[in-house]
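A quick note: this is a predicted structure, and the numbers were derived from the prediction, not measured.
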Amino acid sequence: MPRTSKGKFVTEASKVFQDADDFWHAGQYDEARQNYEKAAALYHERDDSEGEAFALSRLGELEISLDDFDRAEKALLAAVELTRDLDFAQNTYGEVLIKLSKLEASRRQFLKAEKYIQKAKEVLESIGNRDLLGDAYDQEAYVALLENEDEKALKAYEKAAALFAEDGVTLKEASTLRAIARIEMKKRNYDRAHEVLEHCRDLYRENGDLLGEASALSAIGCLRYIIRDIANARKALMKSVYLYGKVSHHYAEAESLLYLARVEAVDQERGDFERAKAHYKRSIELFDFMGNETMKHAVLEEYHNFLNRIAGY
């Protein structure tokens, strides 16, 4: 696997692997592919089967992101062959199986995706890797959602959240809790959803993740709006708008402003029509700034409908 010591690469293969990661992050996909392949070859020359498999696994992940599923499958199956029977490489083997499940889910081959994830769970449970086992349950939940099996997804997400909590991987736990809340909201279990979102928000705050906290607050605001708890909806959404603005996430800020406008537009007694106008306008300005014509026109239409509705007040 890619190895460093005091921030320095200890092998040429590790350096090439890092170059591949850098090219991928820079959007230079051909260069990334070439370097992952070169890294795999260098690991092979050193008889480092796990390192070779890790490079091939990352290559497969790249190909999935580019929707080149045949190339992805070739790389991932090669990684499986390298690690399946190596006791010291079972972590990598389990992770590759999760990626194969993601590949088959992308192909909408759900039965194959489920088979890979079940095998991954067996492997990772046997070695006690709670972090990767949590990833496996998270992937199981995702496949269940694609198959419209919400209850199955909920159980898998809850198992994933528990594993992440046990392992202290709080950002992953928070992300999984966010998914649980979405399902609970869909089921109209609003009290449970709110409880989960508050915990989710606390975890993001503990980690200093402003985007995550803003996302949780936005969800809390939308939930409170659904049950017409206008005061708390306003409070959560205003905090969300502030945090999104602080990190310059303009799209999410514009969305939260739209939600906040709807809160203020609820009625004259609980809302504030002048504030609603201001929030609609700011949301429109931000979508215009980003060049998002679809959202800009959608919010404009909603704003005009709102003005027509309140004309008689």
Side-chain angles (χ1 to χ4, degrees), residues 1-107 112-113 115-136 138-139 163-164 167-169 171-172:
M1 295 173 67
R3 298 183 179 90
T4 60
S5 176
K6 296 181 180 179
K8 296 183 179 180
F9 297 102
V10 297
T11 67
E12 177 66 15
S14 294
K15 182 179 183 303
V16 173
F17 184 96
Q18 184 60 58
D19 288 342
D21 276 355
D22 293 342
F23 279 126
W24 185 357
H25 295 150
Q28 296 174 260
Y29 304 123
D30 287 339
E31 291 83 353
R33 179 183 294 115
Q34 292 165 10
N35 277 270
Y36 284 132
E37 290 172 344
K38 182 179 178 182
L42 288 168
Y43 283 121
H44 181 76
E45 290 175 7
R46 296 172 59 88
D47 292 324
D48 184 346
S49 295
E50 187 176 21
E52 183 182 355
F54 200 80
L56 289 169
S57 174
R58 191 68 66 87
L59 173 61
E61 194 174 0
L62 169 66
E63 301 295 7
I64 292 173
S65 75
L66 299 174
D67 292 336
D68 195 332
F69 301 138
D70 290 341
R71 277 184 168 180
E73 183 177 39
K74 181 179 178 182
L76 292 172
L77 288 178
V80 162
E81 290 302 315
L82 286 164
T83 55
R84 180 191 289 119
D85 300 320
L86 295 180
D87 290 342
F88 61 84
Q90 292 301 287
N91 283 327
T92 301
Y93 176 42
E95 189 172 8
V96 174
L97 289 168
I98 294 172
K99 291 178 183 179
L100 278 165
S101 177
K102 292 179 179 179
L103 165 65
E104 296 301 348
S106 297
R107 287 171 160 171
K112 288 184 178 179
K115 287 181 178 178
Y116 277 125
I117 211 62
Q118 290 305 318
K119 182 61 179 176
K121 284 162 57 180
E122 292 173 14
V123 170
L124 296 167
E125 194 161 10
S126 71
I127 58 175
N129 190 319
R130 289 177 293 192
D131 183 10
L132 282 175
L133 184 57
D135 287 342
D138 187 83
Q139 171 62 14
L163 286 163
F164 291 140
D167 210 41
V169 191
L171 283 176
K172 284 186 178 181

Open item on the list: For the aromatic rings, using the six-membered ring if either is Trp, is the centroid distance between F17 and Y43 under 6.0 Å?
Closed with: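 Ring centres of Y43 and F17 not closer than 6.0 Å.
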TODO: Flag the pair E104 and R107 as a salt bridge only when some basic side-chain nitrogen lies within less than 4.0 angstrom of an acidic carboxylate oxygen.
DONE: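 A salt bridge is present here (some side-chain N lies under 4.0 Å from a carboxylate O).
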Task: Lys/Arg-Asp/Glu bridge criterion (N-O < 4.0 Å) met for K74, D70 - done: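 D70 and K74: not salt-bridged.
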Please report the closest heavy-atom contact between [X] and [Y], naming both atoms and the distance.
X: L103; Y: A72; value: CD1-CB, 4.2 Å
X: A53; Y: A79; value: O-CB, 3.6 Å
X: I117; Y: A136; value: CG1-O, 3.3 Å
X: L97; Y: Y116; value: O-CB, 3.7 Å

Which residue, [options], forms the side chain to side chain contact (heavy atoms under 4.5 Å, CB included) with [X]?
X: N35; options: D30, D22, V16; answer: V16
X: S101; options: Q139, K112, K119, K115; answer: Q139
X: E63; options: E73, R58, R33; answer: R33

Would a distance-only check, ignoring hydrogens and angles, find a side-chain to backbone donor-acceptor pair under 3.5 Å from [X] to [Y]?
X: S106; Y: K102; result: yes
X: Q28; Y: A20; result: no
X: Q90; Y: R84; result: yes
X: H44; Y: A40; result: no

Find the distance between [atom1] ([X]) and [atom2] ([Y]) and round it off to the nearest 0.5 Å.
X: L86; Y: N91; atom1: CG; atom2: CG; value: 12.0 Å
X: W24; Y: D19; atom1: CH2; atom2: CG; value: 15.5 Å
X: D85; Y: S49; atom1: CG; atom2: OG; value: 11.0 Å
X: S57; Y: E95; atom1: OG; atom2: CD; value: 5.5 Å
X: R130; Y: L132; atom1: CZ; atom2: CG; value: 12.5 Å
X: D48; Y: E50; atom1: CG; atom2: CD; value: 7.0 Å

Report yes if the side chains of [X] and [Y] come closer than 4.5 Å at any heavy-atom pair, otherwise no.
X: L62; Y: Y29; result: yes
X: L124; Y: I98; result: yes
X: Q34; Y: F23; result: no
X: L76; Y: V80; result: no
X: F54; Y: V96; result: no
X: T11; Y: L42; result: no
X: K121; Y: L133; result: yes
X: D131; Y: K172; result: yes

TODO: Any chance you could lay out the side-chain contact (heavy atoms from CB on, under 4.5 Å) test for D21 and Y36, step after step, and finish with the verdict?
DONE: CA-CA 8 Å; D21 276 355; Y36 284 132; 2.3 Å; yes
